[in-house]
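Okay, structure first, notes after.
Just follow the structure's listing: the first ligand is 1, and inside any ligand the first atom is 1.
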Amino acid sequence: MKLDPFGDFQRTHRNGDLRIGDAGKRVRLLGWCKRIRNLGSLVFLDLRDRWGVVQLVANETEVSPELLARLKAVRGEFVLGAEGVVAEREQKNPNLPTGDIEVRLTDLRILNTAQTPPIPVDDSAEANEDLRLKWRFLDLRRESLQRNMLLRSQVAQIVRSYFLKHDFVEVETPILGKSTPEGARDYLVPSRVHHGEFYALPQSPQLYKQLLQVAGFERYVQISRCFRDEDLRADRQPEFTQVDVEMSFVRAQDVQDMMEPLLVELAALVGRKVQAPFPRLPYRDAMEWYGSDKPDTRCAVKIQDVTGVFAESAFNLFRAASESGGQRRVRGLFFQGEQAGAMSRKQLDELQDVAKHLGAGGLPYVKWGKDGLSSSFKKFIDAGLEARLKAALGVDGEGLAVFAVGADDQTSKVLGEIRLRLARSLGLIDESTFAFLWVVDFPLLEWSEENGRFVACHHPFTSPHPDDLDRLETDPGSCRAMAYDVILNGFELGGGSIRIHDADVQNRLFKAIGFQEDVIQEQFGFLLNALSYGAPPHGGIALGLDRLVMLLVGATNIREVIAFPKTAQARCLMTSAPSPVDPRQLRELRVQIEQAQQWRAGVMFFESVPAEVQAPLGALRTLTTANAPTSTSTVVLDGEVVKVETTRLPL
Ligand code: ASP
């Protein structure tokens, strides 16, 4: 189709702005055809631009044959320039901001055509997510995604002006950085100039922002991109954005006080009223009461310790815990009310499956319903035990109690999840509220079975609590950190800490996590140098911008607030990154690709070979006895999955 020239056609109005007060005006509009309908002698066209939709109309008996022919050639998503006169509609549409008016067409330019979109471009229809990601430039036309991206842009602007108002300096830090041990896996970039050497993309600007404090900037902020090469979960992406903050001469409280008004302002942007200061909850209490270091406090139900209740019980599983000297405990949740007391067998079975999946043996329960008490361990419950249990859990009337027994980390994991599930299914979570809180006093270090040493819970630049510092060598696991997380509705929005500014303490901490002197010097020499040249006391925080925007718009997946996200396999389905590159580029970098190995294997068995000998080669045997003369399959050889081609040979 021959396109009309754009020429000097300019819009007089944005489509979404037109109102009844504009009636009688001659307007020029631009946009995409959202929908076109032929109704007898009338043709209606909904024209969409970034600011909204307006209805255009042409009456066959009134417009010129040329205009009519052009209009009839229009299909969905064509790009148009329209001229017409605003008129009051006969049938108004109260669901549309421009629903009182329509534009009677006098001229139309087809600026571009469009193929039929492979996915719906409005929110009325759902499409498969892979397709949406492949056709992201069309998907982004959806109203919901446009709204999300707009809000994201507003959030970024509020953040910038907030910190500017508070005298922060915005400094950009390198994307090509140094790989250091600890933390997540790095994305590496080979250096062309220095063969065999690599840059690492920043997991966060942590050390740079600390060095900027040594440099005397005192208040730093950056909306920074971070990269972590980790297996992805629903709310993770290989690259993500942080609001990164660092301040000199501050206590933990000062950093928190700086962040709260910003979060209050951002909540107000989506109509949520929240009060600062936010509650502070020590890590230990968070784990004890909510089984989580990011508790959703919109539900008031807390985990309770009921170990003592079962001290004399015939229920061995629970009684044994009371004899374990605190190694194992019985902990429980009680949900009050008729609905909880009426929970069906099927619902309880589903919860039990969740508990099992999390490593529990089951989910023992006691239910007080319409027909009295029922329980998975009813035969052990006599009147005395029931009374003690009711007193301990505060049972009054109907309700449901569920229990977990074991070591604290295990019972926290199970009850933390069950608490959330029950709270959701019993409607105890008010989706209209924002519950912010600070979790404080995190442990400094935790033992890593995998590494056979202590690792930093936050990062190794976090200051130990001054009261615990003298235990750093003798009892590292008991030291608290000057670290804090800010939580919103059960999500970790961000975290930070007061940093170590004393080179000796930094050195002691590196040793506590098992770094040898040479590694410390090689990897972190620059930091230790900096700390020994007048580093001020300093601290900071980073907020996850993607997650923050996700919660503000009420989405459940961060892909909904990122323009061009990657899949859970870290792929961009639109551009197909990552992709192979030209061998010449690889040669320049002196990078060699290890070719996937092809194996050819053949196995012959004689009847006399005992079955135990044949068994480990089971996969091969299946192939060799298959009917097909040749077949391909995969087997595991030396821990690697390899492709095996097998040919059946006649004897
Ligand atoms: N750099 C830290 C992180 O990315 C946050 C901080 O301590 O400021 O988690």
**Message:** Looking at K566 and E239, is any side-chain nitrogen of the basic one under 4.0 Å from a carboxylate oxygen of the acidic one?
**Reply:** yes
**Prompt:** Would you call E288 and K302 a salt bridge, using N to O less than 4.0 angstrom?
**Reply:**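 Salt bridge absent between E288 and K302.
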**Asked** For ligand 1, is there an N or O atom under 3.5 Å from any N or O atom of Q203?
**Response** no
**Prompt:** Would one find an N or O of R499, backbone or side chain, under 3.5 Å from an N or O of ligand 1?
**Reply:**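 R499 vs ligand 1: N/O contact under 3.5 Å present.
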**Prompt:** Do other residues, nucleotides or ligands put more than 12 heavy atoms under 6.0 Å from the CD atom of E143?
**Reply:**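 No.
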In terms of relative ring orientation, are [X] and [Y] parallel, tilted or perpendicular, with 30° and 60° separating the classes?
| X | Y | result |
| --- | --- | --- |
| Y283 | F442 | tilted |
| F137 | W135 | perpendicular |
| F515 | F524 | parallel |

**Asked** Think R272 forms a cation-pi with F434, using NZ or CZ under 6.0 Å from the six-ring centre and within 45 degrees of its axis?
**Response**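 Yes, a cation-pi geometry holds between R272 and F434.
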**Request:** Compute the minimum heavy-atom distance from R228 to ligand 1 and say whether it is under 4.0 Å.
**Result:**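 Judged by the 4.0 Å heavy-atom criterion, R228 does count as contacting ligand 1.
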**Request:** May I ask you to check whether Y220 and F168 place their ring centres under 6.0 Å from each other?
**Result:**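 No.
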Which ligand 1 atoms, with their elements, are less than 4.0 angstrom from a heavy-atom of [X]?
| X | answer |
| --- | --- |
| S204 | 1 (N), 4 (O) |
| H458 | 6 (C), 7 (O) |
| G496 | 6 (C), 7 (O) |

**Message:** Given Q210, Q242, K209, identify the one with the heavy atom nearest to atom 4 (O) of ligand 1.
**Reply:**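 Among Q210, Q242, K209, the closest heavy atom to atom 4 (O) of ligand 1 comes from Q242.
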**Request:** Provide, to 0.1 Å, the distance between atom 5 (C) of ligand 1 and the closest protein heavy atom, together with that atom's residue and name.
**Result:** G495 O, 3.4 Å
**Asked** How close does the nearest protein non-hydrogen atom get to atom 6 (C) of ligand 1, and which residue and atom is it?
**Response**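 Protein heavy atom with the smallest distance to atom 6 (C) of ligand 1: Q206 OE1, 3.3 Å.
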**Asked** Which atoms form the tightest heavy-atom contact between D441 and P282, and what is the distance?
**Response**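 For D441 and P282, the tightest heavy-atom pair comes out as OD2-CB, 4.4 Å.
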Is ligand 1 under 4.0 Å from a heavy atom in the side chain of [X], in the backbone, in both, or in neither?
| X | result |
| --- | --- |
| H459 | side chain |
| E246 | neither |
| I541 | backbone |
| A542 | both |

